[in-house]
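Just so you know, these numbers come straight off a predicted model, no measurement behind them. Heavy-atom basis, side chains included; hydrogens, waters and symmetry copies ignored.
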Amino acid sequence: MMLYPSIMDLMEKAGNRYSLVIAASKRARTILAKAQEEESSLDGARSITKAVEEIAAGEILVVNETREQALEREAEDLAKAEALEAAEQAAIEVN
């Protein structure tokens with residue numbers, strides 16, 4: 001019996017099993033939360049199946065980043081937040 005999507009197809013999309021599991025679980029939680037908001041009947045197993053199918057279809061992009069990239073992204077986000085705060089403070093001072 002052949003399962004779809006195959007683990008090889010999923011590994012090509014995710015890069016490694018850890019990333020695949022993390023991406024699928026995050027997406028499944030989102031799907032399940034949306035179903036609960038809409039009050040539709042969707043269980044956890046079907047949300048995982050749907051998440052995995054979306055990853056296989058390329059609807060969900062799995063992004064792998066190194067620790068250094070994550071630190072750089074966090075530093076950029078912090079710098080943007082500080083610049084925004086400074087701009088807001090300058091706007092307050094002008095008024």
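- Residue K26 holds its NZ atom at 7.0 Å from CD1 of I22, rounded to the nearest 0.5 Å.
- Across all non-hydrogen atoms, the minimal contact from E53 to P5 is CG-CD, 4.5 Å.
- I7 contributes atom CD1, which lies 5.5 Å from atom CG of L20 (distance to the nearest 0.5 angstrom).
- In this structure, CD on E54 lies 4.0 Å from CZ on R27, to the nearest 0.5 angstrom.
- Every residue two or more places apart in sequence or in another chain was checked for a side chain to side chain donor-acceptor pair (under 3.5 Å) with S47, and none qualifies.
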Show me the donor-acceptor pairs within less than 3.5 Å that the side chains of residues 76-90 make with the rest of the protein, sequence neighbours left out.
none

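- Distance CD1/I60 to OG1/T30: 8.5 Å, rounded to 0.5 Å.
- Note that CG of L10 and CG of N16 are 12.5 Å apart. Values are rounded to the nearest 0.5 Å.
- Surrounding CZ of R46 are more than 12 heavy atoms belonging to other residues, nucleotides or ligands, all under 6.0 Å away.
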Open item on the list: As a quick check of understanding, evaluate side-chain contact (heavy atoms from CB on, under 4.5 Å) for I48 and I31, giving each step before the final call.
Closed with: CA-CA 9 Å; I48 293 170; I31 292 168; over 6 Å; no

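- Listed here is the closest heavy atom pair of A28 and A51: N-CB, 3.8 Å.
- In this structure, the separation between CD1 on I55 and OG on S19 is 10.0 Å, given to the nearest 0.5 Å.
- Among all heavy-atom pairs drawn from K13 and V62, the shortest one is O-CB, 3.9 Å.
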